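What follows is a single structure, written as structure tokens, with notes after it.
Residue numbering restarts at 1 for every chain, and letters A, B, ... go by the order of the sequence lines. Just so you know, these numbers use all the heavy atoms, side chains as well, and skip hydrogens, waters and symmetry mates. As the structure is a computational prediction, the values presented were derived from the model and not from experiment.
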Amino acid sequence: MTDARQGLTGLLDTEAIRKDFPILDRTVHDGKKVVYLDSAATSQKPRQVLDALNAYYERHNANVHRGVYTIAEEATALYEGARDKVAAFINAPSRDEVIFTKNASESLNLVANMLGWADEPYRVDRDTEIVTTEMEHHSNIVPWQLLAQRTGAKLKWFGITDDGRLDLSNIDEIITEKTKIVSFTLVSNILGTVNPVEQIIRRAQQVGALVCIDASQAAPHMVLDVQALQADFVAFTGHKMVGPTGIGVLWGRQELLEDLPPFLGGGEMIETVSMHSSTYAPAPHKFEAGTPPIAQAVGLGAAVDYLTSIGMEKIHSHEKAITEYALKRLLEVPDLRIIGPTTAEDRGAAISFTLGDIHPHDVGQVLDEQGVAVRVGHHCARPVCLRYGIPATTRASFYLYSTPAEVDALVDGLEHVRNFFG
Amino acid sequence: MKLDSMYQEVILDHYKHPHGRGLRDGDAEVHHVNPTCGDEITLRVKYDGETIADVSYEGQGCSISQASASVLNELLVGKELSQAQRIQDAFLELMQSKGQLEPDDAMEEVLEDAVAFAGVSKYPARVKCALLSWMAWKDATAKALSEGKTA
């Protein structure tokens, strides 16, 4: 195993990084160190983020955009400061294009509802089509199914190839003049596949369709530049990128945010309200009804600072090296089948697999006994499991704090699983 | 090791050599899923008057859910409905005990092989796996009764 580890380049100084994450020191089951391999579900949080949450509540807590007193102004500055940080992190042309939501699901639902209630030329109705893919997380399937059911629009799908890539061979038949919106994931949460954005966007632009990208598994792991992507909407969530739960982001192009109608109504999103009617605040506030997740936004700002201080390119290189090593080691395990790309090219750091006939639940249970935390099940992407004729997978996913030794612990654990059920 | 309390020999044996697996003729059929993990079961019941003539099933899932279906088949087929309901109640009580219930002789007599699942009740994520087939049986029985298939 040491032989295999030699030649690994681009790794981060995980010894230093892991000191920032108190939970990684935890033990379970009589002193076994936690090997946390479920960062695709949620990442762990560094002390810097936890401190920012604490400092906010201990020193600056007040509602935002209202009070004229000192701490209210501090709270507003911190909340809006977090927006600036996120805007810079994704290279948004304007901070006003960054809408805070509670998670990526809410961001995607927001887009679907904007389009459902929009006027021409954006309106989705019975004569139009919505396009998504078989590879999506349920959060990028169900909002579009709901929109299709409510409007009568037709929902169309890109399929997946045997080796876990999007099948774009029929792209011109899937995306047509009738298509209003194409929504797809940048990185698959179950297969790990990084999708070819450019090709899809080029076709969407040809027919004048909007493009929404689910970047939940991309924003934590690579440079995310919304201008380079050329999409119309980009959704992601804070808790997968070392931030707290309860905060997500929807980035949208400014002219669209100006044109499209609000979805949730309430305080904060208005300009004037009378009993007769209301007018709305400009974006992003138009889409942020009610008291927002203030502390969580501040925590996300700290998370962005943390990731930026390490460098997204370095994080990406680290994960690529770990993924290469993990694929190599996992393919040595007898009866193990990788579900998704088997090389690290155009691939993220989530690896799904099956192990002979042993059900993933049983795999996960025996791994847990050894302190190894993996996700088992269909990963909120049931169509993918159906596509490959499997009930579920075991998924190991890596992040900036993951080490080659943790890959070894997983592989050793799988040997134990095979013995247990052999 | 703690794992052995969940994966009792009896359970692993039922998992590897399931009783009564496969779908056969029945009075009612249900399909149940465990949405958190994707375990699925299709289950049919056949009644002969008040007697359970057959419980047949097909499905996919972990060792716990599959073994549980096998134990159910072994335990319930040939029993009177009222007695089967008592067994179901006892199994439910055991599975909801969070590992706090030490099965006594009376419970062991009712549950037979199913007492081996006592250890599973300590693992909240797995209780649903153990109960999947039992809930399906209950549902299928209600369906058969409402359709007047039993006397």
Heavy-atom contact with chain B under 4.5 Å, split by part of V366(A): both

Residues, nucleotides or ligands: over 12 heavy atoms within 6.0 Å of K32(A) NZ: yes

With a 4.5 angstrom heavy-atom cut-off, is it the side chain or the backbone of D30(A) that approaches chain B, or both, or neither? neither

Looking at R418(A), I'd like to know if its CZ atom is crowded, meaning that more than 12 non-hydrogen atoms belonging to other residues, nucleotides or ligands lie closer than 6.0 Å. yes

Please say whether more than 12 non-hydrogen atoms of neighbouring residues, nucleotides or ligands are located less than 6.0 Å from CD in E109(B). no

Measuring from atom CD of Q66(B) to atom NE2 of H361(A), what distance do you get when rounded to the nearest 0.5 angstrom? 12.0 Å

Counting only heavy atoms not in K16(B) (residues, nucleotides, ligands), do more than 12 fall under 6.0 Å from its NZ? yes

Would you mind checking if D362(A) and R126(B) are paired as a salt bridge, meaning a charged N to carboxylate O distance below 4.0 Å? yes

Might you point out which heavy atoms bring D357(A) and Y15(B) nearest each other, and give the distance in Å? O-OH, 3.6 Å

Distance from F421(A) atom CZ to Y7(B) atom OH, nearest 0.5 Å? 4.0 Å

What part of H29(A) is in contact with chain B, defined as an atom under 4.5 angstrom from a non-hydrogen atom: side chain, backbone, both or neither? side chain

Rounded at 0.5 Å granularity, tell me how far CD in Q365(A) sits from SG in C62(B). 9.0 Å

